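From a predicted model like this one, the values you see are computed outputs, not experimental measurements.
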Amino acid sequence: MSEEVQIENQGGVRIITLNRPDRLNALTGSIMAPLADACADAARDGSVGCVVVTGAGRGFCAGGDIKAGGGDKAMVPPNAEVGGRVEQSFTRLRGYMETSRLLHEMPKPAIAMVNGPVAGAGIGIAGACDLRFAARSATFLTAFANIGAGGDFGSTWFWTKILGTGAARELFLLGEKLSAEDAFAKGIYTRLFDDEALREETLKAAHRLADGPRMGYRYMKQNLNNAEDWAFEAALDQEALNMGLSTSATAAIWREANKPRGE
């Protein structure tokens with residue numbers, strides 16, 4: 001794993017830390033590729049019951065590192081195998097954006113521990129998580145209008161789903177920076193803590209989730225994701241199926257864990 005993405009395991013909790021504190025954890029290719037890999041590993045690792053994403057130092061993620069060009073600048077010349085420069089740029093960025101898809105779709109809860117400013121692509125990563133616990137020093141800024149960009153890392157999709165289309169359009173089009181208190185009041189942050197208490201409180205919740213009914217959370221998250229797009233009747237059908245799958249799996253796991261010794 002890259003030094004710019006740190007991995008820590010605490011029991012069933014996997015902590016993924018963006019580690020470019022000198023740049024408020026702004027994204028370049030050297031951090032985006034291993035970040036996507038770290039999320040993929042957390043998603044498939046059966047020992048992980050909850051994922052926490054955070055930033056090193058005083059910031060969560062400042063978005064793409066414009067000074068460094070955002071991602072890898074190097075591209076091979078256009079050819080029939082890899083396409084032109086626009087196609088190469090799209091393919092590379094879309095691969096990096098798997099981070100957001102994985103956090104959103106992985107069958108386990110994900111928490112963004114927002115320890116400071118978050119902007120640009122960082123709000124997409126935070127929005128991809130199921131919960132967002134923030135420090136009082138955290139701020140929230142869409143930032144895309146500042147560079148004439150449309151948005152990436154699922155940011156426009158997630159925040160429209162979370163806040164509704166009117167509130168999302170206000171955030172993106174006006175591009176005003178929000179304090180932690182204002183973001184909490186709008187429903188952007190799930191919970192707000194004093195800076196010194198953020199890690200302890202976040203990990204307390206993460207361990208509660210990791211130690212909880214994992215099959216229940218798996219199917220619960222699937223139901224919640226389905227509700228974002230599915231028609232109501234289709235969602236009811238899937239809920240009914242998932243209820244049976246989750247409760248039968250949970251019961252079987254409980255029986256196995258409590259089976260008398262010697263059986």
Side-chain angles (χ1 to χ4, degrees), residues 1-5 7 16-20 23-44 51 53 55 59-107 110 112 117-130 132 140-163 165 168-175 225-226 228-230:
M1 188 58 63
S2 164
E3 291 183 358
E4 294 186 340
V5 176
I7 303 299
I16 301 173
T17 303
L18 285 68
N19 189 36
R20 292 188 74 216
R23 298 289 296 159
L24 289 179
N25 304 308
L27 303 178
T28 65
S30 65
I31 192 171
M32 287 188 283
L35 177 59
D37 290 342
C39 290
D41 183 68
R44 63 175 170 257
V51 176
V53 182
F60 180 80
C61 176
D65 193 334
I66 304 303
K67 185 176 291 187
D72 299 325
K73 292 183 178 180
M75 283 187 285
V76 299
N79 61 62
E81 293 184 359
V82 297
R85 293 186 180 276
V86 172
E87 184 176 351
Q88 290 180 47
S89 179
F90 163 82
T91 301
R92 185 176 62 250
L93 178 58
R94 180 61 186 85
Y96 296 152
M97 288 165 61
E98 279 293 281
T99 290
S100 294
R101 184 189 67 79
L102 287 160
L103 289 169
H104 181 61
E105 295 184 358
M106 65 172 59
V118 58
I123 73 167
I125 295 171
C129 294
D130 302 293
R132 284 157 293 281
F140 185 94
L141 177 66
T142 56
F144 295 110
N146 296 345
I147 58 171
D152 60 5
F153 276 74
S155 56
T156 56
W157 191 89
F158 287 123
W159 291 107
T160 296
K161 296 291 185 181
I162 295 167
L163 300 176
T165 184
R169 288 167 193 263
E170 178 187 8
L171 287 177
F172 282 90
L173 295 175
L174 297 182
N225 286 348
N226 291 345
E228 293 172 340
D229 296 297
W230 285 20

Practice item. May I ask you to test the His104-Glu228 pair for a side-chain heavy-atom distance under 4.5 Å? Key: yes
**Study point:** Spatial distance of atom CZ (Arg20) from atom CG (Asn25) [nearest 0.5 Å]
**Key:** 8.0 Å
**Study point:** Of Leu24, Leu18, Ile123, Val118, the residue whose pairing with Phe60 passes side chain to side chain contact (heavy atoms under 4.5 Å, CB included)
**Key:** Val118
Check your understanding: Can you name the nearest heavy-atom pair linking Leu35 to Val5, along with the distance?
Key -> N-CG2, 3.8 Å
Check your understanding: Can you find a side-chain donor-acceptor pair between Arg169 and Thr165 that sits under 3.5 Å?
Key -> yes
Check your understanding: Just how far is it from atom CE of Met106 to atom CZ of Arg101, taken to the nearest 0.5 Å?
Key -> 9.5 Å
Review point. Roughly how far, to the nearest 0.5 Å, is the CD1 atom of Ile31 from the CD atom of Glu3?
Key: 12.0 Å
Practice item. Please report the shortest heavy-atom distance between Gly64 and Ala26, naming the atom on each side. Key: C-CB, 4.4 Å
Check your understanding: With Phe144, which residues qualify under ring pair (Phe, Tyr, Trp, His ring centres under 6.0 Å), at least two apart?
Key -> none
Practice item. Quickly, which of Asp152, Asp65, Ile125, Thr99 forms a side chain to side chain contact (heavy atoms under 4.5 Å, CB included) with Leu27? Name it, please. Key: Ile125
Revision key, fill the gap. Note: Pro107 and Ala43 closest approach over all heavy atoms is CD-O, 4.2 Å
Exercise for review: For residues Leu141 and Gly175, report the shortest heavy-atom separation together with the two atoms involved.
Suggested key: CD1-O, 3.3 Å
Exercise for review: For Thr142 and Leu171, indicate whether the former's side chain and the latter's backbone hold a donor-acceptor pair under 3.5 Å.
Suggested key: yes
Practice item. Answer whether the closest heavy-atom distance between the side chains of Arg132 and Ile162 falls below 4.5 Å. Key: yes
**Study point:** Spacing of Asp41 atom CG and Leu102 atom CG [to the nearest 0.5 Å]
**Key:** 10.5 Å
Review point. Hey, does Thr28 have a side-chain heavy atom less than 4.5 Å from the side chain of Arg23?
Key: no
Point to revise | Closest non-hydrogen atom pair between Ala126 and Ala112, with its separation | key: CA-CB, 4.0 Å
Exercise for review: For Cys39 and Val51, run side-chain contact (heavy atoms from CB on, under 4.5 Å): C-alpha distance rounded to whole Å, both residues' side-chain angles, the deciding distance at 0.1 Å, then the answer.
Suggested key: CA-CA 9 Å; Cys39 290; Val51 176; 6.0 Å; no
Check your understanding: Considering all heavy atoms of both residues, which atom of Pro77 and which atom of Gln88 are nearest to each other, and what is their separation?
Key -> O-NE2, 3.9 Å
Revision key, fill the gap. Those residues at least two apart in sequence (or on a different chain) that pass side-chain contact (heavy atoms from CB on, under 4.5 Å) with Thr156 are Phe172
Point to revise | Distance, nearest 0.5 Å, that separates CE of Met32 from CD of Glu98 | key: 13.5 Å
Exercise for review: Could you tell me whether the side chain of Phe153 reaches within less than 4.5 Å of the side chain of Tyr96, counting heavy atoms only?
Suggested key: yes
